[in-house]
Amino acid sequence: MEVNEANVRSDRRDPDGPAHPRVFLTREAGKSVHQPAERSVDFPVSVVLPAGGTGERTGLQTPKQFCSFLGRPLISYTIQAFERVSWIQSVVVAVGEENAELMADIVRRFRHGKVRVVPGGSTRHRSIWNGVLALEGGGDGEGAVVIVHDAVRPFVDEELLYEIATAAKEHGAAGAIRPLVSTVIASTSEGFLDHSLERAKYRASETPQGFTYDVICRAYRQCSESDFEFGTECLHLALQYCGTNAKLVQGPPTLWKVTYKQDLAAAESIIKGELPSSSYYALSRSACVITGGSAPAAALAEALREAVGALGTELDVIPDLMGDNARCLVEERNFILVSVRLSDSDEPSVSGRAAEPAAIVDLSSAAKLLNILLYGIQLHQSKFSRASWESAAEATAGQAWAGVIGGGCG
Ligand SMILES: Nc1ccn([C@@H]2O[C@H](COP(=O)(O)OP(=O)(O)OP(=O)(O)O)[C@@H](O)[C@H]2O)c(=O)n1
Ligand SMILES: O=C(CO)[C@H](O)[C@H](O)COP(=O)(O)O
């Protein structure tokens, strides 16, 4: 892809910087902690995740998207990255017939509420087209945008998705790019150098890519069998068949695609928080749960502690932020408020007093000033048993974890 600099969205990202500006940085890194801004879009956005490949280049039996880390398959991490974005309505996952049952089980087990599974095709383009065709109501409404993202690129964040979606809406198509690592050369049929490309002029095309529903449908309806069979670039189809010049948006280094066996090891290290670029996940390694002193909330927090402990995350459980407990303000920067409402008359409480919405707002403003991420879980239940606390904790564990990673701030 030859890059016209003017066509690349001016960028606040350091192209090769180790961390993404919207990624929460670890305290260990000694840098400030950023909070994501609230995003909203006023058009429907759906996602197609092609996941019908066999992962031949990994040399493993299991397709890479189904390899598990910390008990969760890679594809579930990718889906999670989309499910935590409030303005994304639905996610269509295209998988090979032989993995349909497995995928349905993943959707059930990890409670992926936005996901629909459809049959993949014999090539990536065919899988994507199947996914687009399965979008209900023309991409879920008037002026819809479709984001296409490889199921094996789990580290994608909301800001980039927002940039891609809005640029696609404005220009018809948009795609993430990265600087080239190596120079691209062409060889002669005898295996000698024919010519080389000027590296600075070219970029690597990555995903996510966004399209208006109209553009992606027109492109796939008109493209040839050869495109379906051998093509590797949706942006190219949009240009060739719709005359749409995609807007190019520089993405962070964490966008890489899991392709080889060593990429699986790197993904695992990132997920486990062992690599520096893992700050995205490392934030979730420790957090403080405030229960407000109520017994059901304390029991739920305890069960939550056990559930996320299994995922390698440490939770401190405290009743409030009074006295000695306030040291958590210094030691922990991530808080989860747990409040359980036993009945309508039983007010949830924070810091040992009735939690008027204003008290929660005050606490969130204070947290914001200190760059503390606040995540709330509020359950309304007329009767709670130990078993129901545990299942509630299990159900919210993934959510709380996702929230601590990059979800809503107070
Ligand atoms: N028939 C296919 C082939 C690929 N893909 C998906 O396209 C994405 C990117 O493709 P790639 O990395 O090439 O995956 P594989 O085809 O699985 O890998 P390999 O080429 O090594 O076999 C992956 O999410 C893959 O599952 C797909 O949906 N349907
Ligand atoms: O980067 C991409 C978009 O342009 C795709 O991820 C890439 O084309 C996937 O293809 P491959 O099957 O070669 O891994």
Side-chain angles (χ1 to χ4, degrees), residues 1-3 47-67 73-79 81-82 91-100 102-103 106 115-134 146-156 160 164 168 173-181 184 202-211 216 219-220 223 225 227-240 246-264 266-267:
M1 172 190 314
E2 183 155 8
V3 176
V47 175
V48 172
L49 297 180
T54 53
E56 210 179 304
R57 283 171 286 179
T58 62
L60 301 174
Q61 288 289 323
T62 307
K64 54 203 177 186
Q65 58 274 29
F66 300 118
C67 291
L74 190 71
I75 190 160
S76 177
Y77 289 101
T78 313
I79 291 171
F82 289 93
V91 178
V92 171
V93 182
V95 296
E97 213 183 329
E98 66 287 4
N99 293 310
L102 172 62
M103 190 63 222
I106 291 168
V115 168
R116 255 173 337 117
V117 182
V118 301
S122 57
T123 63
R124 180 172 174 271
H125 272 319
R126 291 194 175 105
S127 293
I128 295 170
W129 183 218
N130 282 357
V132 172
L133 285 172
V146 179
I147 292 178
V148 174
H149 185 70
D150 290 327
V152 289
R153 297 181 193 256
F155 311 117
V156 59
L160 180 65
I164 294 288
I177 53 166
R178 289 286 305 150
L180 284 181
V181 175
V184 177
Y202 294 85
R203 299 289 182 271
S205 174
E206 317 264 339
T207 69
Q209 297 180 341
F211 306 85
I216 195 152
Y220 275 122
C223 76
E225 270 309 301
D227 288 320
F228 269 122
E229 193 63 32
F230 305 109
T232 57
E233 183 51 77
C234 302
L235 299 181
H236 173 76
L237 300 183
L239 179 61
Q240 188 175 350
K247 186 76 180 172
L248 306 178
V249 179
Q250 182 144 300
T254 44
L255 260 194
W256 52 271
K257 179 163 73 66
V258 171
T259 303
Y260 298 101
K261 202 170 175 180
Q262 65 264 29
D263 296 323
L264 284 163

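We count ligands from 1, going down the list as the structure has it; atoms in each ligand are counted the same way. Note: hydrogens, waters and symmetry copies are ignored here, and every other heavy atom, side chains too, is used. Here the structure is a predicted model, which is why all the values come from computation and not from measurement.
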Novice: Look only at the side chain of T207 and the backbone of D150, and say whether a donor-acceptor pair between them is shorter than 3.5 Å.
Specialist: yes
Novice: Between the side chain of T123 and the main-chain N/O of F228, is any donor-acceptor distance below 3.5 Å?
Specialist: yes
Novice: Is there a donor-acceptor pair under 3.5 Å between the side chain of S127 and the backbone N or O of P50?
Specialist: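 Judged by distance alone, no pair lies under 3.5 Å.
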Novice: Does A134 offer a backbone N or O that forms a donor-acceptor pair with the side chain of R116 under 3.5 Å?
Specialist: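 Such a contact is found between R116 side chain and A134 backbone.
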Novice: Please say whether more than 12 non-hydrogen atoms of neighbouring residues, nucleotides or ligands are located less than 6.0 Å from CD in Q262.
Specialist: yes
Novice: I'd like to know if the side chain of K64 and the backbone of T58 have a donor-acceptor N/O pair within less than 3.5 Å.
Specialist: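 Pair absent, no side-chain N/O of K64 close to backbone of T58.
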Novice: So, does R178 use its side chain to make a donor-acceptor pair with the main chain of A204 at under 3.5 Å?
Specialist: no
Novice: Just say parallel, tilted or perpendicular for the rings of H125 and Y220, cut-offs at 30° and 60°.
Specialist: perpendicular
Novice: I'd like the contact residues of ligand 1, where contact means a heavy atom below 4.0 Å.
Specialist: P50, A51, G52, G53, T54, G55, E56, R57, K64, Q65, G121, S122, T123, R124, S127, D150, A151, V152, K257
Novice: Indicate yes or no: does E233 engage R124 in a salt bridge with an N to O separation below 4.0 Å.
Specialist: no
Novice: One line per pair, note the atom names and distance for all nitrogen or oxygen contacts under 3.5 Å between ligand 2 and the protein.
Specialist:
{"from": "ligand 2", "atom 1": "1 (O)", "to": "R153", "atom 2": "NH2", "distance (Å)": "3.1"}
{"from": "ligand 2", "atom 1": "1 (O)", "to": "S205", "atom 2": "O", "distance (Å)": "2.8"}
{"from": "ligand 2", "atom 1": "4 (O)", "to": "S205", "atom 2": "OG", "distance (Å)": "3.4"}
{"from": "ligand 2", "atom 1": "4 (O)", "to": "T232", "atom 2": "O", "distance (Å)": "3.3"}
{"from": "ligand 2", "atom 1": "4 (O)", "to": "E233", "atom 2": "OE1", "distance (Å)": "2.7"}
{"from": "ligand 2", "atom 1": "6 (O)", "to": "D150", "atom 2": "OD2", "distance (Å)": "2.3"}
{"from": "ligand 2", "atom 1": "6 (O)", "to": "R153", "atom 2": "NH2", "distance (Å)": "2.8"}
{"from": "ligand 2", "atom 1": "8 (O)", "to": "T232", "atom 2": "O", "distance (Å)": "2.7"}
{"from": "ligand 2", "atom 1": "14 (O)", "to": "R57", "atom 2": "NH2", "distance (Å)": "2.9"}
{"from": "ligand 2", "atom 1": "14 (O)", "to": "K257", "atom 2": "NZ", "distance (Å)": "2.7"}

